Amino acid sequence: MTRPDDLVRAVEATLFAAEEPMSAEAISAHLGGADIKAALAELVETYQERGIRLVERGKRWHFQTAPDLAHLLRREREEVRRLSRAATEVLAIVAYHEPVSRAEIEAIRGVQTAKGTLDVLMEAGWVRIVGRREVPGRPVIYATTPEFLTHFGLESRRDLPGLDELKAAGLLDPVEDALAEAMETAGEANESGEGGLASQDESA
Amino acid sequence: MTRPDDLVRAVEATLFAAEEPMSAEAISAHLGGADIKAALAELVETYQERGIRLVERGKRWHFQTAPDLAHLLRREREEVRRLSRAATEVLAIVAYHEPVSRAEIEAIRGVQTAKGTLDVLMEAGWVRIVGRREVPGRPVIYATTPEFLTHFGLESRRDLPGLDELKAAGLLDPVEDALAEAMETAGEANESGEGGLASQDESA
Amino acid sequence: MSSELTDSPAITLPADEWDGPAVAATEDVALYLELDGWEGPLDLLLDLARRQKVDLRTISILALVDQYLNYIERAEALRLELAADYLVMAAWLAYLKSALLLPREEQPDPSPEELALRLQLRLQRLAAMRDAAARLMGRDRLGRDVFRRGAPEGLRVDRKAKWQCDWFALVQAYGQVKVRTQPVVHMVRDRMVMTLDSALSRVSSMLGVNLDWMELRDFLPPHADPKLRRSAMASSFVAALELARLGKAELQQDQVFGPLMLRGIKA
């Protein structure tokens, strides 16, 4: 293997030694303001097929083991926090709908969300409060964190599995919007004489 | 870079994720008893010129930052800071009176001098300890350094203006005037606002 | 959106067990445990809907309502404790069912079709999120499937101060030290004062003449130079305090910084 460029080696060593993922800016600052874009790209390429990888998660970079080696490394390691089903659902809702208020989460789940559920997600560092919605009551709104992206191996929120399909199917829109649209279509269908229950189901 | 052998990748990932250096036996046991000698040798070779190295220390293997990049792990960042007023005074006294003990500095300033103040001046490289005064207690005595002269653009300490010159330059007067002025103002302020008694004065 | 979600224990039972005529003792337990596994009535409805093994978009709400009501009935028959929101949902679904069965012209507003559609849309959204959650949890997760470096050296930044000071500040500081510590001669200018003794005799003689409340400043010599006035004020105040202490005068002040009132006490 040929000796890489000194800057590449410096970026490599810095990210290797870092205890936390680092943004490109932080790496650059650590290396005296050098332009490290090309070095990062080269390292990603270099490690592409190796046992460890350089990955970008939420604009921050870190080395991690290759996913296909999971079976070798998983043993004798403490399991990552097991989330309750409620917590995983709430996490998904926050991730796909963010920023989202607790009332909006509850509207989707059809059940009250225990106080502890959001706390668990915030304690894990995956969800945080990002402000308040400017509506009556000014409810707090939640969103995911860079740690969430890091943990779930997402480069950005756009990488959320199935995000595009869900958007296209309107499944991330509020029920009210979908309802208005569906009623319009259903209305036309009903005009044509179709009664009963199933009619609007099919046209939806 | 070609994809390395799967065993090489496994050893690489195992050592990367390990929390402690691992013996060859431990690595082998972790990987189901595979013979990993060749893999270790290949990894050492692969990382020879990179920003990180695979090294063996006391029969245990671990990755570490390349020695020539060790400076990256502990960076020094310079912050420009202005010398505090107290430190400036102490520096001036050392410069005008050197060599001088701390007790003498305090006598001249008329204020106790915190130990930290002299430390700052020594850290800045402007003051150093030049010996002890042969009096009871053998106090440490301080003097300025050549860097002090350089920093302040002086040929020698004799270039420091004398008291007469300071006075002539008005460097002493403004303080006196300012002080007198300040006293005057304070007096007036008292005159107009001196509590319950004085309030009656105004009506007089 | 689909049926690949299997994290709920409820789905492990084959769907047809639901319509079984009798429930064996072991199944009672299973049923009870299932109820525990649902995150509310909407979740239960979604599970029931999935048993229909059809796309949620084409599901029969009427059939779903029947299944739900049937489930609740059986749970009640087994005297299982049902959370209130399951019963509320049951009541609402019963209403929805009857409305759906009404002749069209007698339908209330909002129409049962709209209510059914709303329910269906909610189920779709919940299903989408359950599906998304499962896919999220199934990703290569850090600390489970992929790992960061076990023992990073860590990066440290030591801040080092670069001290700044210029020649002028240095010289000026020295000048100020010298000025501050120079012996200073204080000259007290001769000024007109009213001594305490004269204030005492002035105030006490005036108190003897007038027994009404008077303001302290009325005791001061009129037309006095302002500097003398200040001195007279201070002295008269102390004199007033002294007279009060001796029981020869009373003092009164209505408010902080208000006029100080003074009157004599008859001996």
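Owing to the predicted nature of the structure, the values given are computational and were not obtained by experimental measurement. Numbered from 1 within each chain, the chains take letters A, B, ... in sequence-line order.
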S.K.: Using non-hydrogen atoms only, which part of L72(B) is less than 4.5 Å away from chain C: side chain, backbone, both, or neither?
M.R.: backbone

S.K.: Among P152(C), C165(C), A151(C), A173(C), who wins on heavy-atom pairs under 4.5 Å with chain B?
M.R.: C165(C)

S.K.: Taking all heavy atoms of R81(B) and all of A161(C), pick out the closest pair and write down the distance.
M.R.: CD-CB, 3.8 Å

S.K.: Would one find more than 12 heavy atoms of other residues, nucleotides or ligands at under 6.0 Å from atom CD of E155(B)?
M.R.: no

S.K.: Going from CD on Q164(C) to NE2 on H151(B), what distance comes out if it is rounded to the nearest 0.5 angstrom?
M.R.: 5.0 Å

S.K.: Below 4.5 Å from any heavy atom of chain C, which atoms of H62(B) appear? Answer side chain, backbone, both or neither.
M.R.: neither

S.K.: Does any heavy atom of chain C fall under 4.5 Å from the side chain of L160(B), the backbone, both, or neither of them?
M.R.: side chain

S.K.: Measure the spacing between CG of L170(C) and CH2 of W126(B) and express it to the nearest 0.5 Å.
M.R.: 9.0 Å

S.K.: Can you name the closest pair of heavy atoms from F147(C) and A17(B) and give their distance?
M.R.: CB-CB, 3.9 Å

S.K.: Work out which heavy atom in D166(C) is nearest to a heavy atom in R82(B); give both atom names and the distance.
M.R.: OD2-NH2, 4.0 Å

S.K.: Taking all non-hydrogen atoms of both residues, which atom of Y174(C) and which atom of H97(B) are closest, and how far apart?
M.R.: OH-NE2, 2.5 Å

S.K.: Which value, rounded to the nearest 0.5 Å, describes the distance between E153(C) atom CD and L73(B) atom CG?
M.R.: 5.5 Å

S.K.: Of all heavy-atom pairs between R109(B) and V177(C), which one has the smallest distance, and what is that distance?
M.R.: CA-CG1, 4.0 Å

S.K.: Name the region of V111(B), side chain, backbone, both or neither, that has any atom closer than 4.5 Å to a heavy atom of chain C.
M.R.: side chain

S.K.: List the atom of W163(C), the atom of E123(B), and the distance in Å for their closest heavy-atom pair.
M.R.: NE1-OE2, 3.5 Å

